[in-house]
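Since this is a predicted model, take the numbers as computed values, not measurements. Atoms within each ligand, like the ligands themselves, are counted from 1 in listed order. Worth knowing before you read on, the calculation uses all heavy atoms, side chains too, and leaves out hydrogens, waters and symmetry mates.
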Amino acid sequence: MVSRVIPVEDFDLVIFGGTGDLARRKILPGLYRRFCSGQMPETSRIIGAARGDLDDAAYQKLIGEAIAEFVPRDRQDKDKIKAFLKQLHFVPIDARGEKGWPDLAKLVRKDAVQAFYFSVGPGLFGDLATRLHDHKIAGPQSRVVVEKPFGRDLESAKALNAVLADSFDESQIYRIDHYLGKETVQNLMAVRFANVLFEPLWNAQYIDHVQITVAETVSVDGRGAYYDKSGAMRDMVQNHLMQLLCLTAMEPPSKFDPDAVRDEKLKVIRALDPVPADNIVRGQYGAEGKVASYIEHSENPETKTESFIAMKVDISNWRWKGTPFYLRTGKRLKARMSEIVIYFKETPHSIFEEDAGSHANVLTIRLQPDEGMDLRVTIKEPGPGGMRLVDVPLDMTFADALGPDAEDVPDAYERLIMDVIRGNQTLFMRGDEVEAAWKWTDPIIEGWQTRGDKPMPYEPGSSGPEDSLMLLHRDGRRWREIRK
Ligand code: NAP
C-alpha cells in the first residue's frame, strides 16, 4: 500500500504557550513528523510565543531538545531536525500586556494561512483573542485552535464561546479533542458509512449494548490539585467519551462535511437521557505499597472527586431506544486501554443443538494501545466432533494491515494541526456541541454534589470499584476485561 502525503498550503502557525508542556511534548514533535513526511512546505513557519525572554536560536535549541526527548529515536534524523528547526521562530509576548504584540504583527504574513494555537490556560483565551484582533494580526481568514478544558460547566463554556465569538467567527474556531484525531475514530466512520455491511444492523434491533472504556494506568500525581477540581466526569466523559459515543450513535450525515457531521453529533447529545444516581458508579483509587492514594495526590483530605466513573447512558431516539451505552474511565487501572465495543444480539433462533455453543457477534474498535478493529464471528469448530460452534476474530490491526506505511500514520495531534491548516473543521467540536455536552453533564454532577455522594474506593491496578461490575451484572451483562 502506498501512502499519499499531500502537502498543505504555506502557513504561519503561532503557538501561544510555545514553551509549555503540551507544545514540547505533542505539538512540536508532531509537526516535526509532518515535516519529515513532506507535508509541511519549506517556507511555512512556526512561531513560538510566551513570556520567556528567548530568541529564535534559544527556542530552536529548546525544541531540538524536546524532539530528542519525545520523538522515538529511530524517527530522529539529524539533517531533518536541523532543517525543521530553521522554520522555528520565537516572539516574547505577554497575553495580558503589550509586550511583543507589535513584533508579532510584523512577523506574521498576510499572504499565507494564519493559525493561532492557544496552548495556554483558558483564562488567557480572551486576552489573546482581543489582542490578535486589536493589533490587526488576525483577520477573517485566520484560524484559532483552543485546547481542552473548554469550560468546567455550561456557564463557563458559554463565557469562553462568547469571548472567542467577540473576535472570531465560529468557522475560524478549532476546539481540539485529540480523540477525534485518532486513526481508529475516523475508521469508525469509514466502517459505518463506507460499507453496506454494518449500517443496516446499527440500531437497537440488532445491537444489544455498547461499551466505551478509556482506562489509564497513570495516577494524578503531580497534577492532583488541578485534577481535584475536575474529576473523571469533567476531564474525560464530557469530552472524550462523549465524542466516541456520538460517532458511534450518530445518524449518517448527508456528506462528510464539518457541519453535516457536527449536526448529527449534536442531535445525539440532545437525545441523551438524564442519568439517575443508580446508573452511576464513582471511584477513587487507594494506596498501594509506596504509591500514594488519590487523596494523598489531591492534597485534599476531604476530597470527594472521582478518579473513576462508570455509567449507563440511554439515548432516547428511534435508533437506540432500549440499547444502553455503558461508559467507563479511570486512572490507576489495570492497563492502558481505550476501546468501543459493539455487542450484537444473538440470532433470533438457533438451528443448532443447544450444547453446540452460540456466540453473538462483537465488534471492537481499539483506540489504544494498538489501533485497530476486531470482529468476532461464529464458525464451526474445525475437525470432527459434529457441529460445534466457536467464535474467532477477524482482526485488523492497522500496523499489520498497512505494513511499513503504518509508521507514517499521523498521530492525533499531527492530523488535527494539518486539518487546521487545510481549514477542515470536521474533527473539531463546534460551540453548540460543547455547550450541549455541558448541559447534559451539569445536572449529573450537581446530583452527586447535592446528595454528598462519596466515591467508592478501588484498588490500584484493578478494574475499578466492585460496584461498577454490578452496573452490568444486574442487566445480565459483563464488562470486557481491561487488559494489556
Ligand atoms: P504549561 O506547561 O503550564 O505551559 C503554559 C504555557 O503558557 C507556557 O509556555 C507559558 O510560558 C505560557 N504562558 C503562561 N502565561 C502566559 C502569558 N500571560 N502570556 C503568554 N504566555 C503565557 O501548560 P501546558 O501543559 O502546555 O497546557 C497548555 C494548555 O493545554 C492548558 O490549557 C492545558 O489545560 C491544555 N492541555 C494540556 C495538555 C498536556 O498534556 N500538557 C493536554 C491537553 C490539554 P511563560 O510562563 O514563559 O509565559
Would you tell me whether Asn300 and Ser298 have side-chain atoms, one donor and one acceptor, within less than 3.5 Å of each other? no

Per-atom contacts, ligand 1 versus Ile93 - under 4.0 Å to a heavy atom: 19 (N), 20 (C)

Checking Tyr227 against His297: is there a side-chain donor and acceptor pair closer than 3.5 Å? no

If you count the non-hydrogen atoms of other residues, nucleotides and ligands that lie under 6.0 Å from CD in Glu155, is the total more than 12? no

Please work out whether the ring planes of His240 and His178 are parallel, tilted or perpendicular, with thresholds of 30° and 60°. perpendicular

Is there any N or O on Val120 that sits under 3.5 Å from an N or O of ligand 1? yes

Numbering as shown, the atoms of ligand 1 that approach Thr19 to under 4.0 Å (heavy-atom distance): 8 (C), 9 (O), 11 (O)

Taking the side chain as C-beta and beyond, is there a heavy-atom pair between Pro460 and Val291 under 4.5 Å? no

Counting only heavy atoms not in Lys99 (residues, nucleotides, ligands), do more than 12 fall under 6.0 Å from its NZ? yes

Are any of the N/O atoms in Lys148 less than 3.5 Å from those in ligand 1? yes

Side chain or backbone, does Leu22 bring an N or O within less than 3.5 Å of an N or O on ligand 1? yes

Short N/O distance, under 3.5 Å, between Ala95 and ligand 1? yes

CD/Gln76: more than 12 non-hydrogen atoms of other groups inside 6.0 Å: yes

Protein heavy atom at shortest distance from atom 23 (O) of ligand 1: Asp21 N, 4.4 Å

For Leu124, which part has a heavy atom under 4.0 Å from ligand 1: side chain, backbone, both, or neither? side chain

If the cut-off is 4.0 Å to any non-hydrogen atom of Arg25, which atoms of ligand 1 fall inside it? 39 (C), 40 (O), 41 (N)

Would you say Gln425 and Glu170 are linked by a side-chain donor-acceptor pair, where the criterion is simply a distance under 3.5 Å? no

What part of Arg51 sits under 4.0 Å from ligand 1 if we count only heavy atoms: the side chain, the backbone, both or neither? both

Please could you name the atoms of ligand 1 that Gly20 approaches to less than 4.0 Å, counting only its heavy atoms? 2 (O), 4 (O), 8 (C), 9 (O), 26 (O)

Distance filter under 4.0 Å to Gly121 heavy atoms, resulting ligand 1 atoms: 32 (O)

Which residue is it: Arg483, Arg366, Arg328? I am looking for the one with a salt bridge (Lys or Arg N to Asp or Glu O under 4.0 Å) to Glu339. Arg483

Do Glu147 and Ser119 have side-chain atoms, one donor and one acceptor, less than 3.5 Å apart? no

Which residue from Gly48, Ser119, Gly123, Pro149 reaches closest to atom 5 (C) of ligand 1 through any of its heavy atoms? Ser119

Would you mind listing which atoms of ligand 1 come within a distance below 4.0 Å of any non-hydrogen atom of Asp94? 17 (C), 18 (N), 19 (N)

Measuring from atom 21 (N) of ligand 1, which candidate in Ala23, Ala50, Gly18 has the nearest non-hydrogen atom? Ala50

Arg96, His178, Lys99, Glu147: member with heavy atom nearest to atom 30 (O) of ligand 1: Glu147

Measure Lys26 to ligand 1 on non-hydrogen atoms and call it side chain, backbone, both or neither using the 4.0 Å cut-off. neither

Return a yes/no value: protein heavy atom under 4.0 Å from atom 18 (N) of ligand 1? yes

What orientation do Trp101 and His135 show, parallel under 30°, tilted 30 to 60°, or perpendicular over 60°? parallel

